[in-house]
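Structure record follows, encoded as structure tokens.
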There are 2 protein chains.
Amino acid sequence: MASDEIKKVSLAVIRRLPKYHKFLGELLQKNVERVSSHEMGRILGFTASQIRQDLNNFGEFGQQGYGYNVEQLYNELAKILGLNTEHKMVIVGAGKLGQALAGYGDFERHGFKILALFDVNPDLIGKSIRGIPVHDINDIIYFINENEVDIAVITVPRENAQEVADTLSKTMIKGIWNFAPIEVKAGPGVIVENVLLLDSLLTLSYRMNESRVKERIATQKNS
Amino acid sequence: MASDEIKKVSLAVIRRLPKYHKFLGELLQKNVERVSSHEMGRILGFTASQIRQDLNNFGEFGQQGYGYNVEQLYNELAKILGLNTEHKMVIVGAGKLGQALAGYGDFERHGFKILALFDVNPDLIGKSIRGIPVHDINDIIYFINENEVDIAVITVPRENAQEVADTLSKTMIKGIWNFAPIEVKAGPGVIVENVLLLDSLLTLSYRMNESRVKERIATQKNS
DNA sequence: TAGATTGTTAATCGATTAACAATC
DNA sequence: TAGATTGTTAATCGATTAACAATC
């Protein structure tokens with residue numbers, strides 16, 4: 001029946017959810033009990049209307065005349081974001097970037113536990129980085145399935161990234177967080193989030209250059 | 001007059017430009033001379049219409065019946081993205097992440113030259129990482145102005161990120177690329193691009209969890 | 001020339017904002 | 001109760017897609 005149909009939540013909404021969650025976490029820390037959509041919008045730079053629309057994709061979490069209970073909404077958002085269960089991660093590539101991510105406490109704090117790093121380099125295999133062991137890449141399929149790892153982070157060079165994604169697709173992995181500078185493809189049922197750092201830098205560069213671009217267009221259009 | 005008015009280019013368009021640029025670079029490598037919007041769209045997963053609309057924000061680069069000249073369009077996009085002049089960068093924070101970014105050849109290849117890293121740690125100051133010297137953070141204002149650095153990368157811990165941004169705002173820096181897990185604010189005229197890694201991970205987590213969320217909503221709506 | 005493909009206008013689609021009855 | 005603020009419908013705005021005359 002029609003009431004069962006869940007409309008697809010747009011990516012724009014999804015990308016705002018972590019910001020709501022973070023803000024509510026901060027309020028919780030300050031022992032704030034309730035918050036209105038207006039107040040949230042004022043501080044986060046969204047309209048109250050948008051926040052209410054976003055939240056109502058997932059349920060009715062507020063109360064007329066009162067607003068939202070901070071703790072309750074925080075927990076609901078955590079559930080929506082999949083933070084109510086612990087995630088097990090491995091990092092593929094124990095270079096500088098892999099090591100940087102391994103030492104990044106924020107992930108653990110949100111329930112993403114890094115079990116191991118993997119590398120091809122014999123000098124690294126067997127070592128440990130901030131208490132996290134570096135294993136041989138050849139053992140990764142066994143390790144993931146044995147330990148019910150659900151997220152793999154790819155921090156290998158571009159050349160090997162797709163190959164790693166292919167290997168991962170043979171396991172029970174559920175998500176791939178890719179830092180290599182290509183958009184890797186994975187098997188069906190595996191969600192991929194590509195972090196394209198160069199794209200981000202080029203976006204910055206564009207915006208720094210924007211006024212010059214506009215001048216150029218204006219000049220062309222006049223001539 | 002009205003023809004002078006340049007309509008604001010939306011962020012959605014801007015974020016697609018690096019993908020066009022990259023694709024054209026690959027075609028150029030393969031000595032492909034011309035490409036149609038249809039062909040580009042087919043491979044990149046956009047509609048031909050969208051690509052033509054996007055490009056026409058910046059000028060008329062194509063030719064009826066022919067399409068686009070790969071080399072010309074590649075160069076035009078480079079100009080639009082601010083890649084026609086070399087950018088000088090410094091990295092603030094010479095920890096693992098700073099070191100990882102310092103060793104990332106893709107940036108240099110696109111004209112982003114990393115001149116130095118900066119840190120507070122006396123063990124790191126004076127050393128060099130892949131040929132790039134690590135300087136004392138106290139010298140950063142002088143260094144940036146003296147060397148006409150236009151982009152600063154922030155890879156310091158959360159606690160110090162805003163402070164660094166404030167210091168940078170006192171210099172002639174034009175852009176800040178921030179990897180600390182807060183949205184830093186900078187002085188007027190300074191463009192900030194925040195790379196919020198946790199947000200990216202939570203987006204992945206949401207999508208991995210999506211089917212479960214929908215079930216939950218459906219159940220609620222039935223009861 | 002005929003075929004292809006652009007630049008651009010019009011139509012559609014989706015996301016954001018505004019408005020307001022419902023209700024705590 | 002009166003005031004506040006939700007959930008939700010309607011209006012607006014913006015972005016994407018379709019269509020097609022212009023033209024290489």
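Lettering of chains follows the sequences in order, A, B, ..., and the numbering in each one begins at 1.
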Margin query: Given 3.5 Å as the limit, does a donor-acceptor pair link the side chain of A/E71 with the main chain of A/L28, or not?
Written below: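 Judged by distance alone, no pair lies under 3.5 Å.
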Check: Under 3.5 Å, side chain of B/N178 to main-chain N/O of B/I182, donor-acceptor pair present?
Finding: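 Answer holds: yes.
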Check: Which residue, A/G65 or A/R52, contacts DNA chain C at a nucleotide closer to its 5' end, judged by nearest heavy atom?
Finding: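 Whichever sits nearer the 5' end wins; that is A/R52.
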Whole Å only: how far is the [atom1] atom of [X] from the [atom2] atom of [N]?
{"X": "A/Q72", "N": "D/dT6", "atom1": "CD", "atom2": "P", "value": "13 Å"}
{"X": "B/N57", "N": "C/dT8", "atom1": "CG", "atom2": "P", "value": "11 Å"}
{"X": "B/H38", "N": "D/dT17", "atom1": "NE2", "atom2": "P", "value": "14 Å"}
{"X": "B/N56", "N": "D/dA22", "atom1": "CG", "atom2": "P", "value": "17 Å"}
{"X": "B/Q50", "N": "D/dA18", "atom1": "CD", "atom2": "P", "value": "11 Å"}
{"X": "B/I14", "N": "D/dA15", "atom1": "CD1", "atom2": "C1'", "value": "14 Å"}
{"X": "A/K8", "N": "C/dA15", "atom1": "NZ", "atom2": "P", "value": "8 Å"}
{"X": "A/E60", "N": "C/dA22", "atom1": "CD", "atom2": "P", "value": "15 Å"}

Next item on the list: Would you please confirm or rule out a distance under 4.0 Å between OP1 or OP2 of D/dT16 and any side-chain N or O of B/R16?
Entry: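 B/R16 to D/dT16 OP1/OP2: side-chain N or O found under 4.0 Å.
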Check: Does B/Q64 make a side-chain N or O approach to OP1 or OP2 of C/dA4 shorter than 4.0 Å?
Finding: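 Answer no for this pair, as no side-chain N or O of B/Q64 is under 4.0 Å from OP1 or OP2.
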Next item on the list: Check whether the side chain of A/Q53 and the base of D/dT9 form a donor-acceptor pair under 3.5 Å.
Entry: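 Such a pair is found, so the answer is yes.
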Item checked: Pairing partner of D/dA10 (Watson-Crick or G-U wobble, both distances under 3.5 Å) ->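 With both distances under 3.5 Å, D/dA10 matches C/dT17.
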Next item on the list: Return the nucleotide paired to C/dT23: Watson-Crick means purine N1 to pyrimidine N3 with N6-O4 or O6-N4, wobble means G-U with N1-O2 and O6-N3, both under 3.5 Å.
Entry: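 Partner of C/dT23: D/dA4.
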Checklist line | Test ring-ring contact (aromatic ring centres under 6.0 Å, His included) applied to A/W177 and A/F107, step by step | finding: CA-CA 13 Å; A/W177 198 24; A/F107 305 148; 5.4 Å; yes
Item checked: Selected nucleotide, minimal atom distance to B/Y68 side chain, candidates C/dC24, C/dT16, C/dT6 ->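 Nearest to the side-chain atoms of B/Y68, counting from C-beta on, is C/dT6.
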Check: What nucleotide among C/dT5, D/dC20, D/dG7 has an atom nearest to a side-chain atom of B/R34?
Finding: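 For B/R34, the side-chain atoms sit closest to C/dT5.
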Note to self: Applying a 4.0 Å non-hydrogen cut-off, can you work out what B/S49 is touching in the nucleic acid: base, sugar-phosphate, or nothing?
What the structure shows: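 The answer is base, as B/S49 lies within the cut-off (heavy atoms under 4.0 Å) of a base atom.
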Next item on the list: Identify which one of A/V13, A/I14, A/I80 satisfies the side-chain contact (heavy atoms from CB on, under 4.5 Å) criterion when paired with A/N57.
Entry: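 Single pass found, and it is A/V13.
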Next item on the list: Kindly assign one of parallel, tilted or perpendicular to the pair B/H87 and B/F112, based on the angle between their ring planes and the thresholds 30° and 60°.
Entry: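 If you compare the ring of B/H87 with that of B/F112, the planes turn out parallel.
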